[in-house]
Amino acid sequence: MKKRKNKAEVRTELLQTGLLLFGENGFNGTGIKEIVEEVGVPKGSFYNYFKSKEEYTVEIIQFYSDNLSILWDDFLKSGPENPFEALRYSFEMVISHLEQSEVRTGCLIGNLAAEISEASDLCREKMHQAMTVWKDRVSKQIRQGQAMGTIRDDISTDALTEFIWNTWEGALLNMKIKNTTVPVKDCISLLFDFFLKP
């Protein structure tokens with residue numbers, strides 16, 4: 001007999017499914033009906049967990065950010081001690097994950113920003129929070145690398161972090177268009193072989 005899922009398990013599965021479908025089909029291309037059918041729950045029960053699709057999307061962004069933070073922390077801990085090399089290693093590990101995926105969905109924040117940032121202040125604010133968490137992590141590595149002399153210090157930590165975010169997001173978008181990880185590989189190569197070095 002199949003074990004009945006508890007409310008927390010169903011909620012997590014709804015978030016995981018939404019994350020996957022938003023990545024593949026976008027926000028506007030994904031309906032509540034598709035999500036609940038994939039999870040195997042009645043459409044009406046969706047609203048026992050989330051008040052609206054907007055609130056659901058806010059929760060997905062947080063879910064994505066939390067899981068991405070865990071992934072990045074693991075990469076940074078398992079990589080080299082040198083902040084410059086640890087940062088490069090982390091990006092390369094992300095690229096390795098992208099290569100293993102049949103559907104290269106890119107970054108949820110970048111994808112949703114293009115679709116709904118002007119339509120939903122709640123989602124835009126949550127995306128901004130998620131972006132800030134990611135930038136803070138990268139910024140810490142850059143600051144340490146600058147102090148050690150392994151990362152250029154003629155440009156401020158904040159400016160370098162902003163540039164890396166903008167470059168990386170652009171490369172992820174290009175990856176989706178070309179359906180190859182070459183743009184993100186080239187991005188990291190240029191950043192770490194040339195631009196970030198002292």
Side-chain angles (χ1 to χ4, degrees), residues 15-35 38 53-54 56-72 74-76 87-139 141-142 155 158-197:
L15 291 171
Q16 290 171 334
T17 301
L19 179 57
L20 180 67
L21 292 177
F22 280 4
E24 292 179 358
N25 307 318
F27 174 85
N28 293 315
T30 303
I32 302 300
K33 183 174 180 289
E34 295 169 79
I35 296 163
E38 188 70 28
K53 189 179 178 184
E54 182 183 41
Y56 175 61
T57 304
V58 167
E59 292 291 326
I60 286 178
I61 294 166
Q62 186 64 57
F63 183 74
Y64 173 78
S65 178
D66 290 345
N67 282 282
L68 193 63
S69 291
I70 292 168
L71 197 65
W72 271 85
D74 287 344
F75 291 156
L76 289 169
L87 198 54
R88 181 174 197 154
Y89 171 82
S90 299
F91 275 109
E92 288 173 346
M93 289 302 293
V94 171
I95 293 172
S96 177
H97 277 251
L98 291 169
E99 288 182 321
Q100 293 167 25
S101 174
E102 289 183 18
V103 180
R104 298 193 177 99
T105 57
C107 171
L108 178 74
I109 308 303
N111 297 344
L112 288 177
E115 278 196 277
I116 62 171
S117 59
E118 292 182 9
S120 170
D121 287 339
L122 280 175
C123 290
R124 183 177 52 78
E125 180 57 34
K126 183 56 71 172
M127 285 187 281
H128 183 266
Q129 290 173 12
M131 180 179 69
T132 301
V133 168
W134 187 90
K135 284 182 181 179
D136 286 347
R137 184 174 283 100
V138 172
S139 181
Q141 297 298 121
I142 291 173
I155 299 176
D158 289 345
L160 282 179
T161 302
E162 196 71 27
F163 181 79
I164 291 170
W165 168 266
N166 293 336
T167 306
W168 176 245
E169 283 296 316
L172 285 171
L173 178 61
N174 200 9
M175 175 193 74
K176 290 179 64 178
I177 293 169
K178 294 182 176 179
N179 195 29
T180 172
T181 56
V182 169
V184 285
K185 285 182 174 178
D186 288 347
C187 167
I188 295 310
S189 177
L190 284 169
L191 279 173
F192 287 89
D193 289 336
F194 301 100
F195 187 75
L196 292 176
K197 285 191 171 180

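Each residue takes its place number in the sequence, starting with 1. These values consider heavy atoms only, across backbone and side chains, with no hydrogens, waters or symmetry-generated copies.
- The list of side-chain hydrogen bond (donor to acceptor under 3.5 Å, both in side chains) pairs with a residue in residues 178-192, not counting sequence neighbours, reads E99-T181, E99-K185, S189-D193.
- Counting only N and O atoms by type, the side chains of E38 and T17 include no donor and acceptor under 3.5 Å apart.
- Atom OH of residue Y64 and atom CG of residue L108 lie 6.0 Å apart, to the nearest 0.5 angstrom.
- Taking the side chain as every heavy atom from C-beta outward, M93 and D74 never approach each other to under 4.5 Å.
- At least one donor-acceptor pair closer than 3.5 Å links the side chain of T132 to the backbone N or O of H128.
- Nearest heavy-atom pair across A130 and I109 is CB-CD1, 3.9 Å.
- Looking only at side-chain heavy atoms (C-beta outward), I164 and W134 come within less than 4.5 Å of each other.
- For the pair L76 and R137, the minimum side-chain heavy-atom distance is below 4.5 Å.
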* To do: Applying side chain to side chain contact (heavy atoms under 4.5 Å, CB included), run through L196 and R88 and close with a yes or a no.
  => CA-CA 11 Å; L196 292 176; R88 181 174 197 154; over 6 Å; no

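- In this structure, the side chains of V94 and H97 stay at 4.5 Å or more apart for every pair of heavy atoms.
- Summarising the geometry of F22 relative to T57, their closest heavy-atom pair is CE2-OG1, 3.6 Å, with the distance given to 0.1 Å.
- Cation-pi geometry between K53 and F27 is met: under 6.0 angstrom from the ring centre, within 45 degrees of the axis.
- Within the 4.5 Å cutoff, no side-chain heavy atoms of L68 are placed close to those of V133.
- In this structure the side chain of F195 reaches within 4.5 angstrom of the side chain of L160, judged on heavy atoms.
- For the side-chain hydrogen bond (donor to acceptor under 3.5 Å, both in side chains) test, no residue two or more places apart in sequence or in another chain qualifies with T161.
- A centroid separation of 6.0 Å or more is found between the aromatic rings of W168 and F163.
- Between M127 and I116 the shortest heavy-atom distance is CE-CG1, 4.3 Å.
- Side-chain N or O atoms of N67 include one that pairs as donor or acceptor with a backbone N or O of F63 at under 3.5 Å.
- A side-chain donor-acceptor contact under 3.5 Å links N111 to the backbone of T105.
- In this structure the side chain of E92 never reaches within 4.5 angstrom of the side chain of F75, judged on heavy atoms.
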